[in-house]
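Below you'll find the structure, written out as structure tokens, and then a few comments.
Both counts, for ligands and for their atoms, begin at 1 and track the order of listing. For clarity, every value in this text was computed on a predicted model and none was experimentally measured.
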Amino acid sequence: VDGVVRLWVTADLGAGVVAPLARDQAHYLTHVMRLAAGDELLLFNGRDGEWRARLTDVGKRDATLEVLAQTRALTPGPDLDLVVALVKRGRLETIVEKAAELGARRVRLVITERTNADHTNVARLQAIAVEASEQTGRLDTPEVVAPEKLERLLAAWPADRPLMFCDEAGDAPPVLEAMAAGAGCGAILIGPEGGFSPAERARIRALPSAVAVSLGPRILRADTAAIAALTLWQAAVGDLRGA
Ligand code: SAM
């Protein structure tokens, strides 16, 4: 299957479905991936698993897909949110791409006392999540949730949803010790370049479902911390634990 083009679509997928392609996707398939009428590719939409499809009616600027047969049933990944403070654009784009590859279901953006922006191009980040999901072989695509203030997020946080608070203050236990085995769902919280303020740290730790964890004796950049935390979480309670 490697080398076969995978495409995220919004249409329902089923045998015989004929799905028209959005113009940009038609262009991508015919001009960038140089597919021609009759060529096959794989489609996924986050709901129906993965399906083989054939490119038909390739026009100058549009094309149509004929859905053939299911290749993989939907197996949803762990119910894991990556909650990350708005860091600089380049690093944030890396974080979103790695969150898709490492199986996060959502990327929630937060504004904290020390974030240097209160907005970002969410549509661009969502497109990066889609592209990473196509490449990494996922059957869904993480949702990138628009920035909200940390306080609002914490106030609405479910008491029964574990929140792995990556706390660089250094007095938290190592991840594998701290994570309750089999949590299976939850979230990871990563702060901005300037870290969390003492007031924020106290507020987060006061959350009943917050679990402060250390990612080791070195201070990691936010993107490094996100990659490390996602991998450790998946290894402790997610889908890196093996079958
Ligand atoms: N306050 C840090 C400093 O003193 O330079 C900077 C924060 S760090 C660049 C960004 C975020 O990554 C932190 O808020 C934390 O969530 C996470 N992080 C980095 N290193 C960590 C560590 N060793 N343990 C736990 N979390 C860490």
Side-chain angles (χ1 to χ4, degrees), residues 78 80-120 122 125 128-129 132 142 144-158 161-181 183 185-238 240:
L80 170 62
D81 292 355
L82 175 66
V83 184
V84 61
L86 282 186
V87 294
K88 285 190 178 55
R89 192 167 68 92
R91 280 191 201 282
L92 194 55
E93 291 180 358
T94 300
I95 289 171
V96 167
E97 181 179 71
K98 301 316 163 194
E101 292 173 59
L102 289 168
R105 187 172 295 178
R106 277 167 228 90
V107 177
R108 294 181 181 282
L109 304 171
V110 288
I111 298 157
T112 70
E113 285 175 38
R114 299 177 183 172
T115 42
N116 43 31
D118 60 2
H119 64 280
T120 186
V122 176
L125 294 176
I128 287 170
V144 178
V145 181
E148 69 177 320
K149 285 200 181 311
L150 178 65
E151 181 44 47
R152 259 180 55 90
L153 179 116
L154 297 178
W157 195 263
R161 188 172 179 78
L163 175 64
M164 187 166 100
F165 165 37
C166 296
D167 185 354
E168 75 275 17
D171 58 352
V175 183
L176 296 184
E177 247 172 69
M179 285 311 297
C185 73
I188 293 167
L189 174 58
I190 304 277
E193 290 91 346
F196 290 106
S197 70
E200 284 174 332
R201 178 167 282 109
R203 174 73 186 82
I204 300 164
R205 283 177 174 250
L207 212 60
S209 56
V211 178
V213 303
S214 165
L215 295 176
R218 290 166 293 279
I219 295 290
L220 309 177
R221 297 270 193 192
D223 46 349
T224 317
I227 293 168
L230 282 163
T231 305
L232 287 162
W233 190 95
Q234 290 283 27
V237 296
L240 262 69

What pairs with Ser197 under side chain to side chain contact (heavy atoms under 4.5 Å, CB included), at least two apart in sequence or on another chain? Glu113, Arg114, Ala199, Glu200
Any sub-3.5 Å donor-acceptor pair from Gln234's side-chain atoms to Pro78's backbone N or O? no
Is it true that a side-chain atom of Ser214 and a backbone atom of Gly216 form a donor plus acceptor pair closer than 3.5 Å? yes
Taking Val83's backbone N and O only, do any of them form a donor-acceptor pair with Asp81's side chain (distance below 3.5 Å, no angle check)? no
Any donor-acceptor pair under 3.5 Å linking the side chain of Ser209 with the backbone of Arg161? yes
At less than 3.5 Å, what protein N or O atoms come close to the N or O atoms of ligand 1? Include the distances to 0.1 Å.
{"unit_1": "ligand 1", "atom_1": "1 (N)", "unit_2": "Glu168", "atom_2": "OE2", "d": "2.8"}
{"unit_1": "ligand 1", "atom_1": "14 (O)", "unit_2": "Glu168", "atom_2": "OE1", "d": "3.1"}
{"unit_1": "ligand 1", "atom_1": "14 (O)", "unit_2": "Glu168", "atom_2": "OE2", "d": "3.4"}
{"unit_1": "ligand 1", "atom_1": "14 (O)", "unit_2": "Gly191", "atom_2": "N", "d": "3.4"}
{"unit_1": "ligand 1", "atom_1": "16 (O)", "unit_2": "Cys166", "atom_2": "O", "d": "2.7"}
{"unit_1": "ligand 1", "atom_1": "16 (O)", "unit_2": "Gly191", "atom_2": "N", "d": "3.0"}
{"unit_1": "ligand 1", "atom_1": "20 (N)", "unit_2": "Leu220", "atom_2": "N", "d": "2.9"}
{"unit_1": "ligand 1", "atom_1": "23 (N)", "unit_2": "Gly216", "atom_2": "O", "d": "2.9"}
{"unit_1": "ligand 1", "atom_1": "23 (N)", "unit_2": "Arg218", "atom_2": "O", "d": "2.7"}
{"unit_1": "ligand 1", "atom_1": "24 (N)", "unit_2": "Leu215", "atom_2": "N", "d": "2.8"}

Assess whether atom CZ of Arg221 is packed by more than 12 heavy atoms of other residues, nucleotides or ligands within 6.0 Å. no
